[in-house]
Enquirer: 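Below: one structure in structure tokens.
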Amino acid sequence: MADNRLIVALDFHNMDDVKKIVNQLGDDVNYYKVGMELFYSVGAGVVEWLKTQNKNIFLDLKLHDIPNTVAGGLCSLMNLGANILNIHAGGGYTMMKTAAERLKIEAEKQNIKRPKLIAVTVLTSINQDDWQGLGYQSQMKEQVVKLAALAKNAGLDGVVASPQEAKMIKEACGDDFLIITPGIRPAGAAINDQSRISTPAQALKNGATHLVIGRPIIAADNPREAALKIIEEMKSA
Ligand code: C5P
């Protein structure tokens, strides 16, 4: 049976590949992430198609602009019917608060279910060298937790963060706050950069509510087998 905590990233640029993998994974996967590569290639049709397949969708477009523009952009995206939308916490408190409020008002006006709105804290690809290059004085982990708390205070439903930061975020923001973690590799997988990456079981034990997994499933020789193995690993958390 599908585990809704698993979100498979559809990092493709055409609908044929999307349909192939979604059909291969069948009822074992219910949640998919549509990111920039796919959305910019095929447009909104992919969200509509996934909905016809009764799938949940995390539309990962990471909006980052002035408050009015982000809020307007989110209201446009809301009409597509994705379950989760996201913005960059680096846009600041006012941007996040405006976005959350406008989305709520617009959903009420249209009498539709408001999608969850989450914030990207610090991109999980940022390593210590990148961090120093950006000129930050604080520790990256401290900043991630600060941004998560800021997102919560602004009325957001959760964050995207590294699995290794999930524990601190959970402690700071509570059990109801979504913690969606990419950078997951199955136990035993070869990993080049260990710094902000975890296995499915570690991430869940640390407090992640959802795992975003792409290549370990979509680039596997047998994607369904790879997904089932990961779902088994998730059970052990
Ligand atoms: O690496 P993988 O193929 O599992 O990536 C799946 C998704 O997770 C990608 O779409 C990417 O946006 C995100 N990701 C991330 N940080 C990482 C690795 C992946 O945000 N360190």
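Remember, it's 1-based here, ligands and their atoms both numbered in the order they're listed. Quick caveat: nothing in here was measured; it's all calculated off a predicted structure.
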Enquirer: In plain terms, say whether Arg114 and Asp157 are close enough for a salt bridge, that is, a side-chain N and a carboxylate O under 4.0 Å apart.
Expert: yes
Enquirer: Taking Glu142 first and then Lys146, would you say they form a salt bridge - that is, a charged N and a carboxylate O separated by under 4.0 Å?
Expert: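 No, no charged N to carboxylate O under 4.0 Å.
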Enquirer: In chain order, what residues pass the ring pair (Phe, Tyr, Trp, His ring centres under 6.0 Å) check against Tyr136, with sequence neighbours excluded?
Expert: Trp131
Enquirer: Would you mind telling me which of Thr52, Val47, Asn54, Val46 makes a side-chain contact (heavy atoms from CB on, under 4.5 Å) with Leu50?
Expert: Val46
Enquirer: With heavy atoms under 4.0 Å as the rule, classify the contact between Glu37 and ligand 1 as side chain, backbone, both or neither.
Expert: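 Neither part.
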Enquirer: Do the charged groups of Lys104 and Glu108 touch, with an N to O distance under 4.0 Å?
Expert: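 Yes, charged N to carboxylate O under 4.0 Å.
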Enquirer: Please list, in number order, the atoms of ligand 1 under 4.0 Å from a heavy atom of Pro216.
Expert: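 Close to Pro216: 4 (O).
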Enquirer: If you measure from the Lys or Arg side-chain nitrogens to the Asp or Glu carboxylate oxygens, is any gap between Lys235 and Glu232 under 4.0 Å?
Expert: yes
Enquirer: From atom 10 (O) of ligand 1, work out which of Val8, Asp11, Ile7 has a heavy atom at the shortest distance.
Expert: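 Looking at heavy atoms only, the winner is Asp11.
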Enquirer: Gly35 near ligand 1, heavy-atom distance under 4.0 Å?
Expert: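 So Gly35 does not count as touching ligand 1.
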Enquirer: Counting heavy atoms only, which of Ile218, Thr124, Leu38, Ile217 is nearest atom 20 (O) of ligand 1?
Expert: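 Minimum heavy-atom distance to atom 20 (O) of ligand 1 goes to Thr124.
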Enquirer: Starting from atom 6 (C) of ligand 1, find the nearest protein heavy-atom neighbour and note its residue, name and distance.
Expert: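 The closest heavy atom on the protein side is Gly214 N, 3.6 Å.
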Enquirer: One thing to verify: whether Lys51 and Glu48 come together as a salt bridge, which I'm taking to mean a side-chain N less than 4.0 angstrom from a carboxylate O.
Expert: no
Enquirer: Starting from atom 18 (C) of ligand 1, which protein heavy atom do you reach first, and at what distance in Å?
Expert: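 Of the protein heavy atoms, Gly183 N, 3.9 Å lies nearest.
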Enquirer: Would you say Met36 ends up clustered with Leu74 if hydrophobic residues are merged whenever their side chains have heavy atoms under 4.5 Å apart, either directly or through other cluster members?
Expert: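 Cluster IDs for Leu74 and Met36 match.
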Enquirer: I need the atoms of ligand 1 closer than 4.0 Å to a non-hydrogen atom of Val212, numbered in the order shown.
Expert: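 Those of ligand 1 that fall under 4.0 Å from Val212 are 7 (C), 8 (O).
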Enquirer: Counting only heavy atoms closer than 4.0 Å, does ligand 1 sit against the backbone of Ser162, its side chain, both, or neither?
Expert: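 It is neither part, as no heavy atom is under 4.0 Å.
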Enquirer: Write out the residue and atom name of the closest protein heavy atom to atom 14 (N) of ligand 1, then the distance separating them to 0.1 Å.
Expert: Pro182 CB, 3.5 Å
Enquirer: Could you tell me the residue and atom name of the protein heavy atom closest to atom 2 (P) of ligand 1, and the distance to it rounded to 0.1 Å?
Expert: Arg185 NH2, 3.5 Å
Enquirer: State the atoms of ligand 1, each with its element, that fall below the 4.0 Å cut-off from a heavy-atom position in Arg215.
Expert: 1 (O), 2 (P), 3 (O), 4 (O)
Enquirer: Do the charged groups of Arg224 and Asp28 touch, with an N to O distance under 4.0 Å?
Expert: yes
Enquirer: Any idea which protein heavy atom is nearest atom 11 (C) of ligand 1, and the distance to it?
Expert: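 Here the closest protein heavy atom is Lys33 NZ, 4.2 Å.
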